[in-house]
There are 2 protein chains.
Amino acid sequence: MTINTIPLQHALKHNHNECVSEAMATAEHLCMERGVQLTPIRHKVLELIWESHKAVKAYELLDRLKPLQKAAKPATIYRALDFLIDQGLIHRVESLNAFVGCRCSSYQHEQLLLICKHCEEVEERSAKEVMSALSEDTQKAGFTIHSKAIEIHGICKNCQNLTIDQNQSVIL
Amino acid sequence: MTINTIPLQHALKHNHNECVSEAMATAEHLCMERGVQLTPIRHKVLELIWESHKAVKAYELLDRLKPLQKAAKPATIYRALDFLIDQGLIHRVESLNAFVGCRCSSYQHEQLLLICKHCEEVEERSAKEVMSALSEDTQKAGFTIHSKAIEIHGICKNCQNLTIDQNQSVIL
DNA sequence: TGTTAAATGCTATATTATAAATTCTGCTCT
DNA sequence: AGAGCAGAATTTATAATATAGCATTTAACA
C-alpha cells in the first residue's frame with residue numbers, strides 16, 4: 001500500500017481572502033496616487049495572479065481571463081503584465097517564466113524570492129543583510145546595479161514539516 | 001557631426017585565447033575525470049559559448065553550429081546545453097534565456113552573475129559574504145536551498161569608465 | 001562480436017513573447 | 001455638444017524559446 005501526500009495549500013493557513021483584498025486595495029490606492037489606470041482588465045489580471053501564492057504563467061492567466069474577457073489574446077495579458085510590473089505590483093519570476101503578486105513597499109521592489117519546489121508557493125523576503133552584502137560586493141566590483149533577480153529554489157518550511165509530521169498531510 | 005561610441009570588447013583587454021583554451025582544458029579534464037563524454041558536438045557548443053563573455057542565446061548557437069554540423073536542430077543545441085549545465089560548465093542566465101561559460105570550481109557552481117547592460121558581458125562572482133548572508137536568512141525562514149539564481153543587471157566597471165574617459169572608446 | 005546504453009537525428013509541436021496596424025474609449029478644450 | 005487627442009484594447013500575424021517521442025547511429029565493453 002502506497003500513501004501519496006500532497007502539501008496543504010499553505011494559503012489556506014492564513015486568511016487568503018483578506019490577503020487578496022489587502023493587495024487589491026493597495027494596488028488601487030497606489031495607481032490612484034500615481035495617476036495611472038488600473039483598468040478592469042489589469043485589475044482582473046492582478047486578481048487572477050493573487051488567487052494563489054504560486055507563480056502563474058502568462059498563458060494560464062490568458063485561459064482564466066478568456067471567460068471574462070472574450071477578446072483576450074496573448075497581447076492582452078502581456079500588456080497587463082507589463083503594466084503591473086512597471087507599477088511594482090507583481091514580480092516576474094525569471095527562472096520560471098511566470099508571475100507572482102508582490103507585496104513589497106513601492107520603494108523596496110527588489111527582493112529575494114524563495115520558490116518552493118513542492119508546493120510551488122513563492123515567498124518574498126526583503127533580506128536586508130543579503131542586500132547590503134550584495135551592494136558592498138558589487139560596489140567592490142565597480143558595478144552599478146539597475147535591477148536584481150534573486151531567486152532561490154528549494155523546499156519551504158511548511159513542506160519540510162509535512163515530511164516530518166505526516167498528520168499535516170493529506171492522503172490521496 | 002555625431003560621434004557614436006561603442007564599448008571596447010573588454011574581452012580584448014585580456015588574452016581571450018588563453019582564457020578559452022584554459023576553459024576548454026578544464027572542461028576536458030573534468031569530463032575525463034567524471035567519465036562523461038565531452039563529445040564533438042558538446043565540445044563545439046562549449047567553444048561557441050566561450051567565444052565571448054556575453055550570454056548567448058540557444059538559437060544563436062544553433063546558427064553558429066549549423067555550418068559545422070549540418071544536421072543540427074534545436075534539440076541538438078538544447079541537449080548539449082543540458083549536458084554542459086549538468087556538468088557545471090556553463091550557467092543558464094534565467095533573466096536573459098541565455099547561456100554563459102562558467103569558470104567556477106565544480107564545488108561552487110552557484111554564483112552571482114553581474115550582467116552589464118552596455119557591453120552585455122557577464123561576470124561571475126563568488127561573493128562569499130552575500131552567500132553566507134543568504135544562507136543565514138533562508139535558514140531563518142526554514143527554507144532548504146536546492147539552487148540559486150542571483151542575477152544583477154547594471155553597468156560594469158569598464159563601461160562606466162568609458163563614459164568618463166572617452167579616450168577609451170572607439171569612434172565609429 | 002553481440003549487446004547495450006548513450007548520443008544523435010529527425011519531425012513535429014508546445015510554449016512564451018512581440019510587432020504593427022487598427023479601433024475603441026474617455027477626456028479636454030473650445 | 002463635437003473635434004481632437006492619448007491611452008487602452010483588439011486583431012492578426014509571427015518571432016523566439018523549448019520539448020516530446022521515436023528512429024538510427026555510435027561507442028563501450030562483456
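These numbers were taken from a predicted model, which means no experiment stands behind them. Throughout, protein chains are lettered first and strands after them, A, B, ... in sequence-line order, and every chain is numbered starting at 1.
We find that CG of A/Asn97 is positioned 14 Å from C1' of C/dT18, with the value rounded to whole Å. As a whole-Å value, the separation of B/Glu94 CD from D/dT17 C1' is 13 Å. D/dA8 atom P lies 7 Å from atom CZ of A/Phe83, rounded to whole Å. Rounded to a whole Å, the CG atom of A/Leu38 is 13 Å from the C1' atom of D/dA8. Between the CD1 atom of A/Ile41 and the P atom of D/dG7 there is a distance of 17 Å, rounded to whole Å. If you take NZ of B/Lys57 and P of C/dT16, they are 15 Å apart, rounded to a whole angstrom. Between A/Leu96 atom CG and C/dT15 atom C1' there is a gap of 14 Å when expressed in whole angstrom units. Atom-to-atom, CG of A/Leu81 to C1' of D/dA9 comes out at 15 Å; the value is rounded to the nearest Å.
Within the 4.0 Å cut-off from OP1 or OP2 of D/dA9, at least one side-chain nitrogen or oxygen of A/Thr39 is found. Between B/Gln37 and C/dA6 there is no side-chain polar atom (N or O) within less than 4.0 angstrom of OP1 or OP2.
A donor-acceptor pair shorter than 3.5 Å cannot be found between the side chains of B/Lys117 and B/His153. Looking only at atom types and distance, the side chain of A/Ser126 has no donor-acceptor partner in the side chain of A/Gln111 under 3.5 Å away. Using modelled atom types, one finds a donor on one side chain and an acceptor on the other under 3.5 Å when comparing B/Glu28 with B/His43.
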Next on the checklist: If you apply the rule side chain to side chain donor-acceptor pair (under 3.5 Å), what do you find for A/Gln87 with A/Arg34, and how did you get there?
Outcome noted: CA-CA 9 Å; A/Gln87 297 302 322; A/Arg34 293 170 183 169; 2.9 Å; yes
Checklist entry - B/Ser52 and B/Glu121: side chain to side chain donor-acceptor pair (under 3.5 Å), yes or no, with the steps? => result CA-CA 8 Å; B/Ser52 81; B/Glu121 293 194 358; over 6 Å; no
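The environment of A/His29 atom NE2 is sparse: at most 12 non-hydrogen atoms of other residues, nucleotides or ligands sit within 6.0 angstrom.
Of the residues near DNA chain C, A/Glu60 and B/Arg42, the one whose nearest nucleotide (by heavy atom distance) lies more toward the 5' end is B/Arg42.
Among the protein residues, B/Arg79 comes within range of the nucleic acid bases, having at least one heavy atom under 4.0 Å from a base atom.
The pair B/Lys157-B/Glu123 does not meet the salt-bridge criterion, since no charged nitrogen lies less than 4.0 angstrom from a carboxylate oxygen.
Residue side chain A/Tyr59 meets the stacking definition with respect to C/dT16: its ring centre sits within less than 5.5 angstrom of the base's six-membered ring centre, and the planes differ by less than 30 degrees.
Listed in residue order, the members of residues 65-78 of chain A having a heavy atom less than 4.0 Å from DNA chain D are A/Gln69, A/Ala71, A/Lys73, A/Ala75, A/Thr76.
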